[in-house]
There are 2 protein chains.
Amino acid sequence: MPRKTAEAPRAAERILTTAGELFYREGARAIGVDEIVAKAGATKPSLYRAFGSKDQLIARYLQDQAEQFWAYFDAAVEPHAGDPKAQLLAFFDVLTERTTRKGYRGCGLSNAVVEYPEPSHPGRQVAVDHKADLRKRLRDLTRAMDARKPKKLADGLLLLIEGAYITSQLFGSDGPAGAAKSAAEALIEAHTRQAPDPNPSAA
Amino acid sequence: MPRKTAEAPRAAERILTTAGELFYREGARAIGVDEIVAKAGATKPSLYRAFGSKDQLIARYLQDQAEQFWAYFDAAVEPHAGDPKAQLLAFFDVLTERTTRKGYRGCGLSNAVVEYPEPSHPGRQVAVDHKADLRKRLRDLTRAMDARKPKKLADGLLLLIEGAYITSQLFGSDGPAGAAKSAAEALIEAHTRQAPDPNPSAA
DNA sequence: AATTTTCCGTACCGGTCGGTCACATGAACG
DNA sequence: CGTTCATGTGACCGACCGGTACGGAAAATT
């Protein structure tokens, strides 16, 4: 057995990327630490030295997921700076593109909240914080487009987004996720149209 | 061989209800068979004689979840027979009531799909079938209300429903789920208004 | 009462779970 | 050279995982 003394990628890094793929594809609860280190070409002590516990590794994976989310969110939004409605719709475009890809497994952060209902789980907290950030970001955008009820519009859009994530797992590429953008358009239209208010409830 | 129908609480029955509560609250993957039988006051052989395997027990639990769903769906819809728009909104009322309850854990069927991505899992199949039924039911209603694009409207509503389920877990009782009904109203309005079509894409 | 049929519990299986230990190895750097 | 730091080795842990062989209790049937 020749020692292959691997070069660049440190063990911790290999473990993190491997764990990330497995957690996302199969679910964090379904994957054991033994499988992670085996597929990463590493060993358990390396995992525990670098991350402390499986739960912390999950939290770290979810932080990366949140970062990736903002990366593609910002990328979608950036070309339309100053036009919040166009920004929102551009995001729904990339959302549609992602959620209708075959084998898409939804949002890793939302999935983690389903897998770990205990409020104390470190991964759950990462996910909850991220979704609060997203809600706030959507509110900023709906306020900037002078929606009549920015909070309510933002929440409606968030429902569509989360719905797209999970229905993509339920129905595959021909699911309701494909209707997310047009629904978003209708919601935005309803909240910005000058005509009579179609939804006279309180915000 | 007349019916057995003794009114005694059979072990299998106790196991099923106990497992149902645990699966729903904690997630199926988080619960072991030992915990189920212990809390049900039964033993493992009773579980395996009655249900064959843990996966089949999960499938059975999900069938019950689907039944319960249709029970409250039909109950909400029944008083407004003949008025599909009122039926839909009545369902969104009970949905809101449920999803804004403290400690609500979302839809057991959607949660199961997140926990079990493998298409072959018997529980997943129950969940996927049920959601296909729901999609069809929504389409029937949107068609009955003469929506311009019944499929697209139904899919938009389904996104809101699923979004409400999971955001209730993410945000608790003050989450976006409270905005589901008004968003549904806006979507319905957009698809049934006589004025210009706000969403000229294909169904 | 005796027997068949239905139901259920004791005890146990091999495997895997997350996690830890002491120690060896090897490259990097001064 | 020797030290430091990161990593691998391999054994080990107790708890728990899903699953089962087998035999006893309890009804229903005769």
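Protein chains get the first letters and strands the later ones, always in sequence-line order, with residue 1 at the start of each. The basis for the numbers below is simple: all heavy atoms, side chains too, and nothing from hydrogens, waters or symmetry mates. None of the values given here were measured: they were computed from a predicted structure.
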Practice task
Describe, in one word, how the ring planes of A:Phe91 and A:Tyr72 are oriented to each other, choosing from parallel (under 30°), tilted (30 to 60°) and perpendicular (over 60°).
Solution key: parallel
Exercise for the section: Pick base, sugar-phosphate or nothing for B:Gly52, based on heavy-atom distances below 4.0 Å to the nucleic acid. Expected result: nothing
Handout entry: Flag side-chain contact, heavy atom, 4.5 Å: A:Gln65 against A:Tyr24
Key = yes
Problem - Whole-Å gap separating P (C:dC8) and CZ (B:Phe51) - result: 11 Å
Handout entry: Length of the line joining A:Ile36:CD1 and C:dG18:P, which is rounded to integer Å
Key = 7 Å
Practice task
Mind checking A:Leu57 for me? I need base, sugar-phosphate or nothing, with any heavy atom below 4.0 Å counting as a touch.
Solution key: nothing
Exercise for the section: Kindly indicate whether a cation-pi arrangement holds for A:Arg135 with B:Phe171, taking the cut-offs as under 6.0 Å to the six-membered ring centre and within 45° of the axis. Expected result: yes
Handout entry: Side-chain N or O of B:Arg29 closer than 4.0 Å to phosphate OP1/OP2 of D:dG18
Key = no
Problem - Donor/acceptor link under 3.5 angstrom from B:Arg49 side chain onto base of D:dG19 - result: no
Exercise for the section: Report which part of the nucleic acid B:Ile15 touches: base, sugar-phosphate, or nothing (heavy-atom distance under 4.0 Å, all strands). Expected result: nothing
Exercise for the section: State which of C:dC8, C:dT10, D:dG19 makes the closest approach to the side chain of B:Arg10. Expected result: C:dC8
Handout entry: Separation of atom CD1 in A:Ile31 from atom C1' in C:dT16, rounded to whole Å
Key = 13 Å
Exercise for the section: For residues B:Glu78 and B:Gln87, determine if any side-chain heavy atom of one lies less than 4.5 Å from a side-chain heavy atom of the other. Expected result: no
Practice task
May I ask you to say what B:Ser46 touches in the nucleic acid, namely base, sugar-phosphate or nothing, with a heavy-atom cut-off under 4.0 Å?
Solution key: sugar-phosphate
Handout entry: B:Asp34, nearest nucleotide to its side chain (from D:dG8, D:dC17, C:dC7)
Key = D:dC17
Practice task
Return yes if the base of C:dG19 and the side-chain atoms of A:Lys54 contain a donor-acceptor N/O pair under 3.5 Å, otherwise no.
Solution key: no
Practice task
Give a yes/no on whether any side-chain N or O of A:Tyr48 is located under 4.0 angstrom from OP1 or OP2 of C:dT20.
Solution key: no
